S.K.: 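Dropping the structure in here first, questions after.
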Amino acid sequence: MPQTQTPEQFSIPAIERQQETARQSALASAAILDTAPEPAFDAITRLAAEYFRADTVLLGFADQSRVWIKSYWGEAVRELPRTGSIFERVLAQGGPVVVPNIADDPALAGDRMRLRRLEIASFASVPVRSSAGEILGNLTIFGIEPRRKMVLDELRMLESLAEMVANQLELRRLRHAIGSSGPRPGPNDRKTSSVWPRRPDLRRALDQRQFVLYYQPEVELTTRKIVGLEALIRWVHPDRGVVSPIDFIPAAEECGMILPIGDWGLAEACNQIQKWCVEDLRNRSLRVCVNLSARQFAREGLADHVEALLRQFGIFSRQLGLEMTESSLITDAHTAMEVLGSLRRLGVSLLMDDFGTGYSSLHHLHSFPFDVLKIDRSFVVRITDGEQPLQIVRTIIDLARALGMNVVAEGIETQEQYALLQQLGCRYGQGYLFARPMPAEDVSKLLRLPERQLPDPLPASDLPN
Ligand code: C2E
Ligand code: MG
Ligand code: MG
């Protein structure tokens, strides 16, 4: 006589089938299996290997039958059968799986032989999810020694790295959706060869001292104390009024005038640092940051030039910071790396500007010696839009912390963004909510505030322009 099935027995496989279909369609929309490897993935597996001192790290995405390895650290692996794999364990668990000693673990079927052959004794694996929460793949660290139990913080870090993978997928999907094939063009990328200003206009402006530096305070978020300033160039044009750098830096880069303009900016900022120190010795603790363009990095003598300026103005290297975007580094990554190394040895701070807008941010973050990561304004603006954008900022902050870097959030305009960033543990920020870029004399007034503490901010809309 056939056995009667209870409704539960019917419904469980149906739900699993449904879940698998949803998972496969999320995988298809991530379009990850047949694409070229993302450099950011390699950065993530490498980070995981170094952070956890793991012997092998695998990042894979699973279809119905296989786990496709998209990045590995250690032994080269391209794909694995899905049956009996660690991925299946993660999927069944619906979350992380930590096995400190596989000898004690009876449930590993397919992978056990391989793991034994590799003398792997322990592993921890976390899911990589789609934006809707489907488990697309897993990030796994393996050790040849049995591991002590993973503490919660460590597991959280591994999950953050898996979230970073998910964010890269999401960023890629967005890029495809808006039909762009590269990073958002920054002020340094625009092509402006045929429009104003041309080289003679820029030359004249420099000779006639029409450039000025404005400064925007950078604050410690919990106290609102000014800890630094970012120098932002303006062109005070006799007819056109105050011209934004967005409207002339790209042209200056293209015609080469960026080199003398950049030299002027560096010297002017150093001069101003000295003046603020004369006004009040306590201002020595401030760091003034100057933006540098790609062409300035292609000069091997940049570090010598900076050193000479520090000596000329009698300021400490820690009083100066240099900001650069990823795109300015990839033009000539080799020279950039050498120049950054010399600047680092000199003791000036190196800040990665506009973080998150480049193609493979993580890759550069890991390979270049930055002290500070500045989260691009576009992320800060979206932070109040929901869980996904918030998560991106949270993982950037976690990652920077794991790499021993400080984080500055750019473009804070609302109380809500301010509160959320504090909750996420972001230490520093700048934005119209606290202060707009302003002439040096106005900064001097702010620096005279008790404790250099800015007042409780008004919403940006109530602030004067
Ligand atoms: P950046 O280095 O990312 O500078 C931040 C920009 O965001 C500044 O624009 C600043 O005024 C603006 N900003 C700050 N807080 C807020 C906010 O709350 N809301 C909004 N909407 N914007 C905010 P700015 O001064 O127009 O500079 C634009 C870009 O031009 C800079 O971006 C930097 O890449 C470049 N730049 C500025 N000065 C120099 C320079 O001396 N040399 C070079 N090479 N580039 C420069
Ligand atoms: Mg900047
Ligand atoms: Mg920026």
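When a ligand or atom number is given, it counts from 1 through the structure's own listing order. Residues take their numbers from the sequence shown, with the count starting at 1. This is a predicted model, so every value here is computed, not measured.
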S.K.: Gly431 heavy atoms, cut-off 4.0 Å: which ligand 1 atoms fall inside?
M.R.: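 Counting atoms of ligand 1 from 1, those under 4.0 Å from Gly431 are 15 (N), 18 (O).
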S.K.: What atoms of ligand 1 come within less than 4.0 Å of a heavy atom belonging to Gln216?
M.R.: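 The list of qualifying atoms is 14 (C), 15 (N).
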S.K.: To the nearest 0.5 angstrom, please state how far the CD atom of Gln423 sits from the CG atom of Leu390.
M.R.: 8.5 Å
S.K.: Please determine whether any non-hydrogen atom of Gly262 lies less than 4.0 Å from an atom of ligand 1.
M.R.: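 No, Gly262 has no heavy atom closer than 4.0 Å to ligand 1.
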S.K.: Give a yes or no on whether a salt bridge exists between Arg311 and Glu307, defined as a side-chain N under 4.0 angstrom from a carboxylate O.
M.R.: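 Counted as a salt bridge, because a side-chain N and a carboxylate O are separated by less than 4.0 Å.
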S.K.: Check for me whether Arg234 has a heavy atom closer than 4.0 Å to any atom of ligand 1.
M.R.: yes
S.K.: Would you call Asp442-Lys445 a salt bridge at under 4.0 Å N-O?
M.R.: yes
S.K.: Could you tell me, atom by atom, which parts of ligand 1 come under 4.0 Å of a heavy atom of Glu413?
M.R.: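 Reading through ligand 1 atom by atom, the close ones are 17 (C), 18 (O), 19 (N), 20 (C), 21 (N).
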S.K.: With heavy atoms of Ser244 as the reference, note each atom of ligand 1 found under 4.0 Å away.
M.R.: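 Taking each heavy atom of Ser244 in turn, ligand 1 has 26 (O) under 4.0 Å.
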S.K.: Taking the minimum heavy-atom distance to atom 33 (C) of ligand 1, which of Ile412, Asn291, Val380 ranks first?
M.R.: Asn291
S.K.: So Leu232 and Leu213, do their side chains get closer than 4.5 Å, heavy atoms only?
M.R.: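 No, too far: nothing below the 4.5 Å cut-off.
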S.K.: Using a 4.0 Å cutoff against the non-hydrogen atoms of Ser293, which atoms of ligand 1 qualify?
M.R.: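 Ligand 1 atoms under the 4.0 Å threshold to Ser293: 43 (C), 44 (N).
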S.K.: Out of the N/O/S atoms in Glu230, what is the name of the one closest to the Mg ion (ligand 2)?
M.R.: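 Glu230's closest N, O or S atom to the Mg ion (ligand 2) is named OE2.
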S.K.: Is it the side chain (CB and beyond), the backbone, both or neither of Lys374 that lies under 4.0 Å from ligand 1, heavy atoms counted?
M.R.: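 It is neither part, as no heavy atom is under 4.0 Å.
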S.K.: Evaluating non-hydrogen atoms only, which member of Asp376, Thr414, Asp353 is closest to atom 2 (O) of ligand 1?
M.R.: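 That would be Asp353.
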S.K.: Verify the distance criterion only: is there a donor paired with an acceptor across the side chains of Thr325 and Asp354 at less than 3.5 Å?
M.R.: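 Side chains of Thr325 and Asp354: no pair found under 3.5 Å.
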S.K.: Is the distance between the Mg ion (ligand 3) and the nearest N/O/S atom of Asp354 smaller than 2.8 Å?
M.R.: yes
S.K.: Angle class for the Phe211/Trp264 ring planes (parallel below 30°, perpendicular above 60°, tilted otherwise)?
M.R.: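 Ring orientation of Phe211 relative to Trp264: tilted.
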S.K.: Can we say Asp456 and Arg224 salt-bridge, meaning some charged N sits less than 4.0 Å from an Asp/Glu carboxylate O?
M.R.: yes
S.K.: In terms of ring plane angle, is the pair Phe434 and Tyr418 parallel, tilted or perpendicular, where the classes change at 30° and 60°?
M.R.: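 Perpendicular.
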S.K.: Just wondering, do Phe248 and Ile246 contact through their side chains at under 4.5 Å, heavy atoms?
M.R.: no
S.K.: Using the salt bridge (charged side-chain N to carboxylate O under 4.0 Å, His left out) rule, take Glu230 and Lys374 through it: C-alpha gap first, then chi angles, then the decisive distance, then the call.
M.R.: CA-CA 12 Å; Glu230 177 174 5; Lys374 297 188 80 170; 2.9 Å; yes
S.K.: Which atoms from ligand 1 have a heavy atom of Arg377 less than 4.0 Å away?
M.R.: 19 (N), 20 (C), 21 (N), 22 (N)
S.K.: With a 6.0 Å cut-off on the ring centroids, do Trp276 and Tyr215 count as close?
M.R.: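 Aromatic pair counts; centres sit under 6.0 Å.
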S.K.: Using a plain distance cutoff, I'd like to know if Gln430 has any nitrogen or oxygen under 3.5 Å from a nitrogen or oxygen of ligand 1.
M.R.: no
S.K.: Are any of the N/O atoms in Ile233 less than 3.5 Å from those in ligand 1?
M.R.: yes
S.K.: If you consider just the N/O/S atoms, which atom of Asp353 is the closest one to the Mg ion (ligand 2)?
M.R.: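 In Asp353, the heteroatom (N, O or S) nearest the Mg ion (ligand 2) is OD2.
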S.K.: Given Trp264, Tyr432, Phe211, Tyr214, identify the one with the heavy atom nearest to atom 17 (C) of ligand 1.
M.R.: Tyr432
S.K.: Contact between ligand 1 and Pro437 is defined here as a heavy atom of the residue under 4.0 Å from a ligand atom; is it met?
M.R.: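 True for this residue.
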S.K.: Is the contact between Glu230 and ligand 1 made by the side chain, the backbone, both, or neither, using heavy atoms and a 4.0 Å cut-off?
M.R.: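 Just the side chain.
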S.K.: For the Mg ion (ligand 2), find the closest N/O/S atom on Glu323 and give its atom name.
M.R.: OE1
S.K.: Hey, which N, O or S atom on Glu410 ends up closest to the Mg ion (ligand 3)?
M.R.: OE2
S.K.: Does either side chain, that of Thr223 or that of Glu220, offer a donor lying less than 3.5 Å from an acceptor on the other one?
M.R.: yes
S.K.: Considering the options Val97, Val67, Thr140, which one meets the side-chain contact (heavy atoms from CB on, under 4.5 Å) requirement together with Phe87?
M.R.: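 Testing each of Val97, Val67, Thr140 against Phe87, the sole residue satisfying side-chain contact (heavy atoms from CB on, under 4.5 Å) is Val67.
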